[in-house]
> 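Quick one: the structure is below, and I'll ask about it shortly.
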Amino acid sequence: MANPEDNQVRKVVIVGGGSAGWMTAAALSSLLSPRAVETALVESDAIGTVGVGEATIPDIINFNALLGIDEAEFLKATNGTFKLGIEFVNWSRLGESYFHPFGTHGADMQGIDFHQFWMRTKAGDPQSRLEDYSLCSAAAMKDKFCLPQNDPRSVLSQIRYAYHFDATAYARFLRDYAEKRGVKRQEGKIESVAQNAENGFIESVTLDNGTTIEGDLFIDCSGFRGLLQEETLDVPYRDWSHWLPCDTAQAVACERSGPLLPYTRSTATEAGWRWRIPTQHRTGNGQIYSSAYMDDDAARQSLLDGLDGKPLGEPRKIKFRTGCRERFWEKNCVAIGLSGGFLEPLESTSLYLIQEGISKLISLFPTADMPAIVQQQYNSLLTKKFEQVRDFIILHYKATERDDSPFWNYCRTMDVPDSLKERWELFEQAGRVFRFEDELFSKTSWIAVFIGQNIIPRTVDPIASSVELPAIERSLASMKGAIAQAAERMPTHEAFIRRYAPSGI
Ligand SMILES: Cc1cc2nc3c(=O)[nH]c(=O)nc-3n(C[C@H](O)[C@H](O)[C@H](O)COP(=O)(O)OP(=O)(O)OC[C@H]3O[C@@H](n4cnc5c(N)ncnc54)[C@H](O)[C@@H]3O)c2cc1C
C-alpha cells in the first residue's frame with residue numbers, strides 16, 4: 001500500500017495580499033499545523049490591492065472568533081465601527097427609505113412568523129413600519145449602540161451586528177497575525193507560472209527578481225485579473241451583468257461630520273447607487289453605476305455631491321464584471337476573493353464569500369492528488385452561495401417602482417433567475433419565506449427587503465388571521481414600546497466606541 005505521507009499537501013502558496021490573501025493566510029496559519037503544512041504568500045506592492053471592502057455582515061464575527069481575535073484590539077487597529085444594518089434610500093420609490101437590520105423583527109407568536117401579525121395590523125395603521133419592531137433598526141436610527149446581552153429574556157439579546165473598517169488596515173492586521181504564526185511573505189511581481197506538462201497542475205510561480213516558489217496547492221487571491229485561475233488555467237467566467245448591470249465604481253473617502261452612524265447607507269441614484277460607510281477616522285464613499293447608462297463624469301459628480309464632508313483625495317475608478325468562475329477549484333488551484341467572482345457590495349457580502357471559500361477549503365482540505373470529487377463538492381457549494389447572494393441583490397433592483405431613468409426602467413422590467421421568481425411568488429402570493437439549508441440571508445433579511453421595496457403579500461397566514469385583532473395590536477404595541485425604550489437607554493455609538501475601542505485617531 002502506498003504511503004499516505006507521500007500524498008500530503010506540504011506547501012500552500014497564496015498568490016495575492018489583499019483581504020482575500022491575508023484572510024486565507026490567517027485562517028490557514030491558525031487552523032493547519034505549521035509543522036505539517038508550510039504557507040507562503042506572494043504580493044506585489046507595485047500592483048497594490050483593490051483597497052475597498054469596508055462594510056461587513058455579522059458572519060465576520062465568527063471568522064474573528066475562529067482565529068481568536070480580540071474584538072476591541074481588532075477595531076482599534078482597523079479604525080473599526082459597529083454596523084447594525086443598511087439603510088436603503090430611494091430604492092423602491094424616490095423619497096422613500098427602509099432599513100434592513102441584522103437582528104429580527106418583533107417576536108414570532110404561536111410558531112407563526114412575526115410579519116404575519118404585523119400585516120394584520122398594517123391595514124388599520126398604514127404608517128406602521130416593520131422596522132419599528134427591530135431593535136437594530138430603532139437603535140441605528142437614534143445613532144445608538146451596545147453589545148447584545150446573553151439573557152434571551154432581555155430585548156437587548158436581539159442585537160446583531162457587524163463592522164465597518166479600513167480595508168487596508170484590515171489586511172495589515174491579518175498580515176501581522178499570519179506572519180506571527182509562520183506564514184512567509186514574499187514581495188515581488190509574479191512574471192511566470194509553471195505547469196506540469198502532463199496534468200496541468202501548477203508547479204511554481206516565478207517573480208520579477210528571479211525567485212521561484214514551488215507549491216502543492218495554490219490559492220489564487222490575485223484580484224480581478226485572476227492570474228492563476230483565468231490567465232493560467234483558463235477557467236471561464238459566468239457573467240451575470242444582464243441581471244446586475246452595474247460595472248464600475250468610483251470611491252473616495254471624506255472627512256467625518258456629524259455623529260458616528262452605526263449603519264451603512266445605500267442611496268439609489270440615476271443609474272446605480274452610492275454607499276456611505278462610517279469608520280472612526282473618516283467616511284468611505286462610493287458610487288456604483290452602469291457605464292451603459294451613466295458616464296464617468298456624471299458618476300464622479302453624483303459621488304461628490306453626496307459627500308457629508310470634504311473629500312480626502314480624488315475619486316478612484318474601479319471596473320468590474322459581475323459573476324463568478326464556472327469552477328472555483330481547478331486542478332491544484334482554488335480561487336478565493338475577486339479572482340473567483342464578484343457581486344457588487346450592496347449587501348456587503350464579498351468578505352463573507354471569501355470566508356466561505358476559506359472555510360469550505362479547510363473542511364475539504366485535499367490530499368496532493370486533488371481528488372476530483374473534492375473539487376466538485378467545493379465548486380458546487382461555492383456556486384450555490386454565489387447564486388443565493390446574487391438573487392438577493394437582484395431583488396433590490398427588480399422590486400422597484402422607479403421609472404425616472406432608463407436604468408431603472410431596465411431593472412424594473414428585466415427578467416430574473418427562476419430561483420428568485422419562485423421566492424418572490426411565494427412571498428407575494430402567500431407571505432412565506434423559506435430559508436434553504438446553509439443559506440446566508442435569513443427570513444428577516446428577505447422580508448425586510450421585500451416589504452421595504454413594497455412587495456406586500458396578498459394573503460395573511462390563516463392562524464394569524466384567526467387571532468383577535470385587538471390582542472395582536474396589544475402585543476405589537478408592547479413590543480414596539482419595549483424596543484423604543486431599550487434603544488433610548490443605549491449609549492450613542494460614538495460614546496460606546498470611544499470607551500470600548502478608540503483607534504487613537
Ligand atoms: C467598489 C467595491 C466596493 C467593495 N465594497 C465591499 C464591501 O463593502 N464589503 C465587502 O465585503 N466587500 C467589498 N468589496 C469586495 C472586496 O473589496 C474584495 O472582496 C476584497 O478586498 C478582496 O479583494 P482581493 O484580495 O481578492 O483582491 P485585491 O485586493 O485586488 O488583491 C489582489 C492581490 O494580488 C496581488 N497581485 C496581483 N497580481 C500579482 C502579480 N502578478 N504578482 C504578485 N502579486 C500580484 C496584488 O498585489 C494584491 O496583493 C468591494 C469591491 C469593490 C470593487
Side-chain angles (χ1 to χ4, degrees), residues 13-25 40-60 63 83 86 162-168 170-172 174-175 185-193 205-209 211 213 219-232 246-252 264-266 272-279 284-289 299 303 315-322 324 335-358 389 440:
V13 179
I14 300 169
V15 168
S19 303
W22 285 114
M23 283 172 81
T24 308
L41 183 146
V42 189
E43 67 176 321
S44 158
D45 288 340
I47 294 175
T49 67
V50 73
V52 277
E54 313 206 307
T56 60
I57 54 175
D59 302 73
I60 190 146
F63 184 74
K83 171 179 171 187
I86 306 177
Y163 311 114
H164 301 120
F165 50 64
D166 177 328
T168 308
Y170 181 54
R172 204 179 312 123
L174 292 179
R175 174 179 161 186
R185 173 183 183 269
Q186 181 81 47
E187 158 62 32
K189 190 171 165 211
I190 295 172
E191 288 209 323
S192 63
V193 180
V205 292
T206 299
L207 311 186
D208 50 0
N209 62 11
T211 310
I213 303 164
I219 316 290
D220 185 351
C221 298
S222 64
F224 283 125
R225 66 181 293 192
L227 181 70
L228 304 182
Q229 208 72 353
E230 173 150 341
E231 292 179 16
T232 308
C246 290
D247 59 2
T248 317
Q250 292 197 42
V252 73
T264 306
R265 179 179 289 157
S266 158
W273 59 281
R274 229 175 22 238
W275 79 74
R276 186 191 62 178
I277 298 177
T279 57
N285 307 276
Q287 168 75 46
I288 297 266
Y289 55 104
L303 173 65
R316 204 160 48 86
K317 182 173 147 184
I318 304 163
K319 291 291 290 176
F320 57 81
R321 190 153 64 107
T322 295
C324 71
I336 295 182
L338 299 172
S339 60
F342 181 63
L343 289 162
E344 61 184 78
L346 188 56
E347 287 283 354
S348 321
T349 42
S350 290
L351 296 181
Y352 164 79
L353 289 165
I354 291 172
Q355 230 177 287
E356 280 297 296
I358 297 168
V389 173
L440 168 61

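One-based numbering, in listed order, for ligands and for the atoms of each.
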> Which atoms form the tightest heavy-atom contact between I288 and A249, and what is the distance?
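Heavy-atom minimum between the residues: CD1-CB, 3.9 Å.
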> Write out the residue and atom name of the closest protein heavy atom to atom 39 (C) of ligand 1, then the distance separating them to 0.1 Å.
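That would be I47 CD1, 3.3 Å.
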> Check T56 against ligand 1 and report side chain, backbone, both or neither, counting heavy atoms closer than 4.0 Å.
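T56 to ligand 1: no contact under 4.0 Å from either part.
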> Is ligand 1 under 4.0 Å from a heavy atom in the side chain of S350, in the backbone, in both, or in neither?
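For S350, backbone and side-chain atoms both sit under 4.0 Å from ligand 1.
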> To the nearest 0.1 Å, how far is atom 43 (C) of ligand 1 from its closest protein heavy atom, and which atom is that?
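Going atom by atom, the protein heavy atom closest to atom 43 (C) of ligand 1 ends up being G188 O, 3.3 Å.
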> What protein heavy atom sits nearest atom 49 (O) of ligand 1, and how far off is it?
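Ranked first by proximity to atom 49 (O) of ligand 1 is G17 N, 2.8 Å.
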> Is the backbone N or O of Q229 less than 3.5 Å from a side-chain atom of D220, with the two atoms forming a donor-acceptor pair by type?
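Checked: pair present.
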> Ignoring hydrogens and geometry, is there a side-chain-to-backbone donor-acceptor pair from T56 to Y163 under 3.5 Å?
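Flag set: sc T56 to bb Y163 pair under 3.5 Å.
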> Considering only non-hydrogen protein atoms, determine which one is nearest to atom 48 (C) of ligand 1 and report residue, atom name and distance to 0.1 Å.
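Residue, atom and distance for the closest contact: G48 O, 3.2 Å.
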> A167 and G53: which non-hydrogen atoms are nearest, and at how many Å?
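That closest heavy-atom pairing would be CB-O, 3.7 Å.
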> Sub-3.5 Å donor-acceptor pair from the side chain of K189 to the main-chain atoms of I47, do we have one?
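Such a contact is absent between K189 side chain and I47 backbone.
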> Can you tell me which portion of W275 lies within the under-4.0 Å heavy-atom range of ligand 1? Options are side chain, backbone, both, or neither.
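For W275, the contact with ligand 1 is made by the side chain alone.
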> Considering only protein heavy atoms, which is closest to atom 11 (O) of ligand 1, and at what distance to one decimal place?
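Looking at atom 11 (O) of ligand 1, the protein heavy atom closest to it is L351 N, 2.8 Å.
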> Run the contact test for F342 against ligand 1 with a 4.0 Å cut-off on heavy atoms, strictly below, and give the result.
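So F342 counts as touching ligand 1.
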> Checking a contact table here: which protein heavy atom is nearest atom 29 (O) of ligand 1, and how many Å away?
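Answer, as residue, atom name and distance: V50 N, 3.0 Å.
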> Counting heavy atoms only, which part of A251 comes closer than 4.0 Å to ligand 1: side chain, backbone, both or neither?
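No part of A251 is near ligand 1 at this cut-off.
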> Ligand 1 and S44, any nitrogen or oxygen pair closer than 3.5 angstrom?
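Between S44 and ligand 1, an N or O pair is found under 3.5 Å apart.
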> Answer yes or no: is there an ion pair linking R185 with E43, defined by an N-O contact shorter than 4.0 Å?
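Counted as a salt bridge, because a side-chain N and a carboxylate O are separated by less than 4.0 Å.
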> Which protein heavy atom lies closest to atom 6 (C) of ligand 1, and at what distance to 0.1 Å?
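That would be G53 CA, 3.2 Å.
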> For the backbone of L227 and the side chain of T232, can you confirm whether one donor and one acceptor N or O come within less than 3.5 Å of each other?
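Yes, the answer is positive, given that a donor and an acceptor are paired below the 3.5 Å cut-off.
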> Nearest heavy atom to atom 3 (C) of ligand 1: which of S348, A46, P345 does it belong to?
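Ranked by closest heavy atom to atom 3 (C) of ligand 1, first place is P345.
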> Counting only heavy atoms, which portion of A249 has something under 4.0 Å from ligand 1: side chain, backbone, both, or neither?
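Under 4.0 Å from ligand 1, A249 contributes side-chain atoms alone.
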> Looking only at protein heavy atoms, identify the closest one to atom 37 (C) of ligand 1 and say how far it is in Å.
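So the nearest neighbour among protein heavy atoms is S222 O, 3.5 Å.
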> Any heavy atom of C221 closer to ligand 1 than 4.0 angstrom?
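Yes.
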> Of the backbone atoms (N, CA, C, O) and the side-chain heavy atoms from C-beta on, which set of F320 has a member under 4.0 Å from an atom of ligand 1: side chain, backbone, both, or neither?
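Within the 4.0 Å criterion, F320 makes no contact with ligand 1.
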> Which option, A20, G21, S339, owns the non-hydrogen atom nearest atom 24 (P) of ligand 1?
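Looking at heavy atoms only, A20 sits closest to atom 24 (P) of ligand 1.
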> Among R276, E54, H164, E347, find the residue that satisfies the side chain to side chain donor-acceptor pair (under 3.5 Å) test when tested with T264.
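Going through the options one by one, the only one that passes is H164.
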> Is the contact between R225 and ligand 1 made by the side chain, the backbone, both, or neither, using heavy atoms and a 4.0 Å cut-off?
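For R225, the contact with ligand 1 is made by the side chain alone.
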> Verify, without hydrogens or angle tests, whether N285 (side chain) and V252 (backbone) share a donor-acceptor contact under 3.5 angstrom.
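Yes.
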